[in-house]
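Have a look at the structure below before the remarks.
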Amino acid sequence: MSDNILEEIFIKRSQQKKKTSPLNYKERIFVLTQEKIAYYDYDPDKGKRKGLKGTVDLEKIKCVETVQPEPTGPPERAYPFQIIYDEGPLYIFAKNEDVRAEWIKKLKEMVRFNKDLMQKYHPCFWVDGTWLCCQQEVKQAMGCKVLDGFTSKPSRRRGSRKPLPPTPQEEKSARPLPPQPPEQPSRFVGMTVIAEYEYTPMTPQDLELRKDEEYTILEMTDQNWWKARDKYGKEGYIPSNYVVEAGNGLERFDWYCKNMNRSQAENLLKTENKDGGFLVRDSSKAGKYTVSLFSKGGDVAGVCRHYNICTTPQGQFYLAEKHHFSSIPDLINYHQHNAAGMVSRLKYIVSNRAQPPSTAGLGYGVWEIDPRHLTFIKELGNGQFGVVKYGKWQGQHDVAIKMIKEGCMSEDDFIEEAKIMMKLRHENLVQLYGVCTKQRPIYIVTEFLSNGCLLTYLREGLKQHPTSVQLLEMCKDVSEGMAYLESKQYIHRDLAARNCLVDGHGTVKVTDFGLSRYVLDDEYTSSAGTKFPVRWSPPEVLLYCKFSSKSDIWAYGVLMWEVYTLGRLPYERLNNTEIVEQVSRGLRLYRPQLANDKVYTIMTSCWGEKADERPTFQELAFAVQDLLYELQ
Ligand code: ADP
Ligand code: MG
């Protein structure tokens with residue numbers, strides 16, 4: 001017995017190695033030794049260990065982490081953790097946080113030199129064929145959350161790890177350039193949210209929101225529409241921008257403006273222009289709160305004062321030394337009646353919740369957009385289908401609107417396809433928001449990217465000479481968007497820098513996927529046509545029009561070449577006929593000056609003569625990521 005390192009009674013979830021095996025939870029005695037974890041049947045009456053039920057070899061462990069508890073799980077399952085090993089995840093529930101932390105710490109220590117440690121994991125459970133965190137339906141799908149300590153270059157090579165499927169909602173790894181927006185609070189399936197606004201359902205699938213009530217999030221596949229359950233058990237879709245994560249319990253108070261900073265608070269208070277107008281916001285110090293108060297006090301313009309809510313060592317709150325309160329609402333209530341040292345008492349609640357925001361789309365699953373809700377602001381360019389404009393949807397949301405010139409597109413086929421395209425969602429794909437098909441010309445409404453087309457951005461938009469990290473990041477963005485399309489068996493057919501767009505942070509997104517099938521223009525659709533993307537096409541497309549994910553791979557190699565030449569025309573000196581001839585005979589693009597050997601090796605791997613010699617996008621995404629690790 002002396003070699004037992006830890007021993008504990010846990011609840012173990014059945015592993016369901018076979019699809020038909022039941023999901024159950026049983027108490028087991030877990031014993032950790034130098035080599036393995038063994039778990040035994042347990043006799044609660046005698047408090048004794050019985051037959052051995054299973055073991056996990058420590059050297060097979062790839063990850064040990066906590067798991068988000070089930071939203072409706074019983075209290076005895078409030079402290080789950082996961083051990084991922086070659087047979088999948090093993091879920092164990094500890095009786096309290098201390099025991100769980102002790103086991104995780106010990107196990108992490110013991111497996112830290114294991115081969116194949118994972119860089120990413122799933123923070124939620126695998127249930128009924130789905131990962132609750134990212135909605136992926138493949139048990140082996142790569143994790144959707146980067147493990148702490150894996151955001152920078154790993155200390156050792158990751159060896160011959162087999163590439164795994166990409167994740168639709170993958171978190172970005174550390175990205176030194178260009179700058180990232182401030183970090184989003186973590187959001188996960190199972191979290192409790194509070195409605196900040198009333199929402200009246202627009203479709204039968206929607207769920208009504210009552211202000212200040214709590215809801216449990218069941219699904220977040222669509223960034224704009226989350227599936228939620230209310231306290232009566234009713235389920236449906238809600239606009240995600242109408243709720244906030246329940247955190248400190250202050251969300252239900254109108255005076256609490258969670259995500260507001262000092263200058264926003266001042267603006268709001270000044271606009272309201274009421275003596276004694278106040279709000280409470282998160283202080284710039286994490287975990288602290290500030291009262292912002294507007295006072296006219298004889299001064300016509302009025303002044304804003306900011307008071308930090310302090311805490312005593314006993315955990316009581318105060319604004320003025322003499323008056324301590326056990327909660328912030330109590331403190332606010334008191335100061336609504338007593339200035340107690342402040343410039344004025346808290347007279348009027350100033351709230352940023354007066355007007356509900358507009359929802360993205362007119363209810364869940366609605367893809368027909370009412371053109372009366374669109375405002376056209378300026379022309380962005382002219383494309384194959386006609387004019388593209390920048391505008392607003394419902395006066396608030398930035399959108400790009402393609403106005404399809406009549407006779408350019410086989411519209412009915414496209415409209416059918418648009419329903420499928422709407423469901424494709426990845427941070428490196430330009431999101432289709434909806435279509436207007438009840439009038440002519442029809443409109444295609446998509447996400448707007450402020451830096452426009454990648455080709456122009458490469459040629460003119462980069463303010464300074466790009467760094468190698470920047471160029472590789474662009475390639476990585478495209479490879480991840482494409483790996484997602486590949487996983488959906490969706491073929492792009494016209495991948496090129498001109499069909500990628502760049503957002504305000506420099507992130508590249510792929511657009512126009514699959515659209516070429518609906519073009520009515522022989523010059524574009526026939527491989528002999530002047531507009532056919534000959535320079536991006538592999539031999540099998542040029543010779544037999546055989547499109548596949550592997551022809552997209554070829555195009556990706558050419559796109560990488562465009563990136564590393566800052567937007568030159570591939571095979572500059574050759575015309576289309578010459579390209580068909582030479583490429584079929586083995587001619588390939590030269591190594592751009594900015595591309596080192598490793599980068600060029602990735603490019604050329606895309607130009608294998610035969611389609612099956614070329615890598616997959618998943619493999620490319622990993623290869624590019626590995627190079628990025630080396631650079632950082
Ligand atoms: P098409 O694919 O129909 O030929 P494009 O998509 O190339 O047309 O659009 C023409 C131009 O409009 C692009 O080069 C780009 O500058 C601009 N544009 C198109 N879509 C967007 C968008 N979503 N965001 C920002 N600019 C866009
Ligand atoms: Mg295009």
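For ligands, and for the atoms within them, numbers begin at 1 and follow the listed sequence. Computed from heavy atoms alone, side chains included, the values below leave out hydrogens, waters and symmetry copies.
- Coordination check, N499 versus the Mg ion (ligand 2): passed, since an N/O/S atom of the residue sits under 2.8 Å.
- Scanning the protein for heavy atoms near atom 26 (N) of ligand 1, the closest one is L380 CD1, 3.5 Å.
- Considering G381, S516, C453 only, the shortest heavy-atom separation from atom 16 (O) of ligand 1 involves C453.
- Nearest protein heavy-atom contact of atom 8 (O) of ligand 1 is G383 CA, 3.3 Å.
- For ligand 1, the atoms lying closer than 4.0 Å to a non-hydrogen atom of T446 are 23 (N).
- Of all protein heavy atoms, the one lying nearest to atom 19 (C) of ligand 1 is V388 CG1, 3.5 Å.
- With a 6.0 Å cutoff to the six-membered ring centre and a 45° limit on the axis angle, K389 counts as a cation-pi contact of F376.
- In K546, the NZ atom is not crowded: 12 or fewer heavy atoms of neighbouring residues, nucleotides or ligands sit closer than 6.0 Å.
- Counting protein heavy atoms only, atom 4 (O) of ligand 1 is closest to Q384 N, 2.5 Å.
- Side-chain contact check for T437 and E368: at least one donor-acceptor pair (N or O, by modelled atom type) lies under 3.5 Å.
- Judged by the 6.0 Å and 45° rule, R535 forms no cation-pi pair with Y571.
- The pair D626-K598 fails the salt-bridge criterion, with no side-chain N (NZ, NE, NH1 or NH2) lying under 4.0 Å from an Asp/Glu carboxylate O.
- Of all protein heavy atoms, the one lying nearest to atom 25 (C) of ligand 1 is L449 O, 3.1 Å.
- Of all the atoms in ligand 1, the ones that sit under 4.0 Å from a non-hydrogen atom of F385 are 3 (O).
- Shortest contact from atom 2 (O) of ligand 1 to any protein heavy atom: D512 OD2, 2.6 Å.
- Between F448 and Y390, the angle of the ring planes lies from 30° to 60°, which puts this pair in the tilted group.
- Annotation: cation-pi pair R498/W536 present, NZ/CZ under 6.0 Å from the ring centroid and within 45° of its normal.
- Residue D512 counts as close to the Mg ion (ligand 2), with an N, O or S atom under 2.8 Å.
- The single protein non-hydrogen atom nearest to atom 21 (C) of ligand 1 is L501 CD1, 3.5 Å, given as residue, atom name and distance.
- Of all protein heavy atoms, the one closest to atom 6 (O) of ligand 1 is K402 NZ, 3.1 Å.
- The ring of F617 has its center closer than 6.0 angstrom to the ring center of Y556.
- In this structure, Y590 has its ring center closer than 6.0 angstrom to the ring center of W561.
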